[in-house]
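In what follows, a single structure is set out as structure tokens and then discussed.
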Amino acid sequence: PRGEISAFCDATDHWLPLACTMNVASAVEQMQALFGFDLKTLEQEVALSSPGAAGLIFLPYLQGERFPNLPRGRGVLHGLNLQNMNRGDIARALIEGIVIGLAAGGKRLRELGLEASEIRLTGGGGESPVIRQIIADIFQLPVIGMRIAEGAALGAAIHAGATFWRTKGSPPTLKELSENNARVETKTRAEPRPEFATLYTEQRGRHADLTRKLATGGYL
């Protein structure tokens, strides 16, 4: 109703609700370029920091944002001091800021009546155990990666296969192809740690409050 959630028609003439953020992979790539990290080094630096990133809050609006609606938004790193101005805490703040932005979209979907019992990840982040655990802790939901991480390419291949078989008048159906090929990788499962639920609830509140106050003041 507020235009925050995008609706996409899928190949079966149903609708997919999407809370879309624009600064996920691009923000991580900028962090890697800034410090010369490869993905493994980034993971190691994030793991050196603790949940909450020693008080740092990162608003990852590096190229504007769709959710929240900040088309001319800018990134903000808030809370720097002599102790947390290091690569590990900054890297963790970036990852937490990205995930908190996604969690805000998840919250809006729940307000619209869409409940999730599990998060399934596609893309490069889904292959990182450190990032999977951060997502599980912030969402307080189980997280699991997919057996084939590149979901967009897999989806295109499934649709191509379903179309091919349809021209032949033969099974399998799109549903069967999806169930057989879009499978989770059980060993990637991360369970939420309840001891961090309060910390991340507070962090999400500060993230939203900082975004709102800066946007209202004309600084985002």
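Quick note: numbers below take in every heavy atom, side chains included, and nothing from hydrogens, waters or symmetry partners.
Nearest heavy-atom pair, Leu220 versus Arg74, reported as atom, atom and distance to 0.1 Å: CD2-O, 3.2 Å. Here the closest non-hydrogen pair linking Ser117 and Pro142 is O-CD, 3.5 Å. Nearest heavy atoms, Ile138 versus Glu96: CD1-O, 4.0 Å. Here the shortest heavy-atom pairing between Ala11 and His159 reads CB-NE2, 3.2 Å. Residues Leu177 and Ala162 come closest through the heavy atom pair CD1-N, 3.4 Å. Taking each heavy atom of Leu56 and Gln203 in turn, the nearest pair found is O-NE2, 3.2 Å.
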Exercise for review: Run the numbers on Val99 and Phe139 for side-chain contact (heavy atoms from CB on, under 4.5 Å), then give the verdict.
Suggested key: CA-CA 8 Å; Val99 176; Phe139 276 85; 3.9 Å; yes
Exercise for review: Decide yes or no on side-chain hydrogen bond (donor to acceptor under 3.5 Å, both in side chains) for Gln32 and Asp38, but give the supporting numbers first.
Suggested key: CA-CA 6 Å; Gln32 290 179 267; Asp38 57 21; over 6 Å; no
Exercise for review: Would you check, one step at a time, whether the test side-chain contact (heavy atoms from CB on, under 4.5 Å) holds for Ile134 with Val46?
Suggested key: CA-CA 10 Å; Ile134 290 173; Val46 171; 3.7 Å; yes
Review point. Could you go step by step and tell me if Leu121 and Ile144 meet the side-chain contact (heavy atoms from CB on, under 4.5 Å) rule?
Key: CA-CA 6 Å; Leu121 301 181; Ile144 194 165; over 6 Å; no
Review point. Step by step, would you call Thr216 with Arg212 a side-chain contact (heavy atoms from CB on, under 4.5 Å)?
Key: CA-CA 6 Å; Thr216 301; Arg212 182 172 56 253; 4.2 Å; yes
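Residues meeting the salt bridge (Lys or Arg N to Asp or Glu O under 4.0 Å) test with Glu118, sequence neighbours left out: Arg120, Arg189. For Phe37, the ring pair (Phe, Tyr, Trp, His ring centres under 6.0 Å) partners two or more places apart in sequence, or in a different chain, are Phe35.
A salt bridge is absent between Asp89 and Arg92: the closest approach of a Lys/Arg side-chain nitrogen to an acidic carboxylate oxygen does not fall below 4.0 angstrom.
Note that NE2 of His207 is 11.5 Å distant from CG of Asp209, once rounded to the nearest 0.5 Å. Annotation: the span from Leu109 atom CG to Ile5 atom CD1 amounts to 4.5 Å, rounded to 0.5 Å. Of the inter-residue distances, the one linking Lys40 atom NZ with Glu45 atom CD reads 13.0 Å to the nearest 0.5 angstrom. To the nearest 0.5 angstrom, Glu29 atom CD is 13.5 Å from Leu34 atom CG. Atom CD1 of Ile100 and atom NZ of Lys107 lie 13.5 Å apart (nearest 0.5 Å). Here CG of Leu154 is found 11.5 Å from CZ of Arg183. Values are rounded to the nearest 0.5 Å.
A 4.5 Å side-chain heavy-atom check between Glu185 and Met146 finds every atom pair outside the cut-off. Side chains of Leu174 and Thr12 form a contact here, defined as non-hydrogen atoms less than 4.5 Å apart. Using a 4.5 Å heavy-atom threshold, the side chains of Asp10 and Trp15 count as separate. You'll find the side chain of Thr211 reaches within 4.5 Å of the side chain of Leu70, heavy atoms only. Put simply, the side chain of Arg147 does not reach to within 4.5 Å of the side chain of Val184, judged on heavy atoms. Here the side chains of Ile95 and Val28 are in contact, with some heavy-atom distance below 4.5 Å. Annotation: side chain of Glu150 is not in contact with side chain of Thr122 (no heavy-atom distance under 4.5 Å). Between Ser6 and Phe67, the closest side-chain pair of non-hydrogen atoms is not below 4.5 Å.
Using modelled atom types, one finds no donor on one side chain facing an acceptor on the other under 3.5 Å when comparing Glu4 with Asn69. With no hydrogens or angles considered, no side-chain donor-acceptor pair links Tyr200 and Gln140 at under 3.5 Å. Defined by atom type and a distance below 3.5 Å, a donor-acceptor pair is present between the side-chain atoms of Gln63 and Ser26. Gln133 and Asp137 share a side-chain donor-acceptor pair at under 3.5 Å.
Side-chain atoms of Asn84 do not come within 3.5 Å of backbone N or O of Gly55 as any donor-acceptor pair. One N or O on the side chain of Glu176 and one on the backbone of Thr173 form a donor-acceptor pair closer than 3.5 Å.
The 12-atom threshold is not exceeded at CZ of Arg166, counting heavy atoms of other residues, nucleotides or ligands nearer than 6.0 Å.
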Determine all donor-acceptor pairs shorter than 3.5 Å in which one atom belongs to a side chain in residues 124-131; sequence neighbours excluded.
{"from": "Ser128", "atom 1": "OG", "to": "Glu43", "atom 2": "OE2", "distance (Å)": "2.5"}
{"from": "Ser128", "atom 1": "OG", "to": "Val130", "atom 2": "N", "distance (Å)": "3.4"}
{"from": "Ser128", "atom 1": "OG", "to": "Ile131", "atom 2": "N", "distance (Å)": "3.2"}

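Both Leu80 and Met31 are assigned to one and the same hydrophobic cluster, defined by single-linkage of ILVMFWY side chains at heavy-atom distances under 4.5 Å. When the side chains of ILVMFWY residues are joined at heavy-atom separations under 4.5 Å, either directly or via intervening members, Leu94 and Met22 end up in two distinct hydrophobic clusters. Cluster membership for Ile119 and Phe196, using ILVMFWY side-chain heavy atoms within less than 4.5 angstrom, is shared. There is a path of hydrophobic side-chain contacts, each under 4.5 Å, that joins Leu39 to Val24. The hydrophobic cluster containing Ile98 also contains Ile90, counting ILVMFWY residues as joined when their side-chain heavy atoms lie under 4.5 angstrom apart, directly or transitively.
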